[in-house]
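Just the heavy atoms: all of them, side chains too, but no hydrogens, waters or symmetry mates, feed the values below. Computed from a predicted structure; not experimentally measured.
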Amino acid sequence: MSSLAIPAGWDWEIDHQQPGDCSNGHLMPLIGTATVPEDLPNARRVLLVLGP
């Protein structure tokens, strides 16, 4: 029996889909390759500003 390989990362593009202008729009979208979205560049800043 072989073990499943965990992928090194997924390609993510996450946007908050807020209609109109948003004062935190400069933080979005989060784009990149990571195992989980929290590992994307600027993800910690986005979570601090917009919440989990």
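To the nearest 0.5 angstrom, Asp11 atom CG is 10.0 Å from Leu40 atom CG.
Residues meeting the side chain to side chain contact (heavy atoms under 4.5 Å, CB included) test with Pro29, sequence neighbours left out: Glu13, Asp15, Ile31.
With hydrogens and angles disregarded, no donor-acceptor distance shorter than 3.5 Å links the side chain of Trp12 to the backbone of Leu30.
Smallest separation of non-hydrogen atoms from Pro37 and Ala43: O-CB, 3.5 Å.
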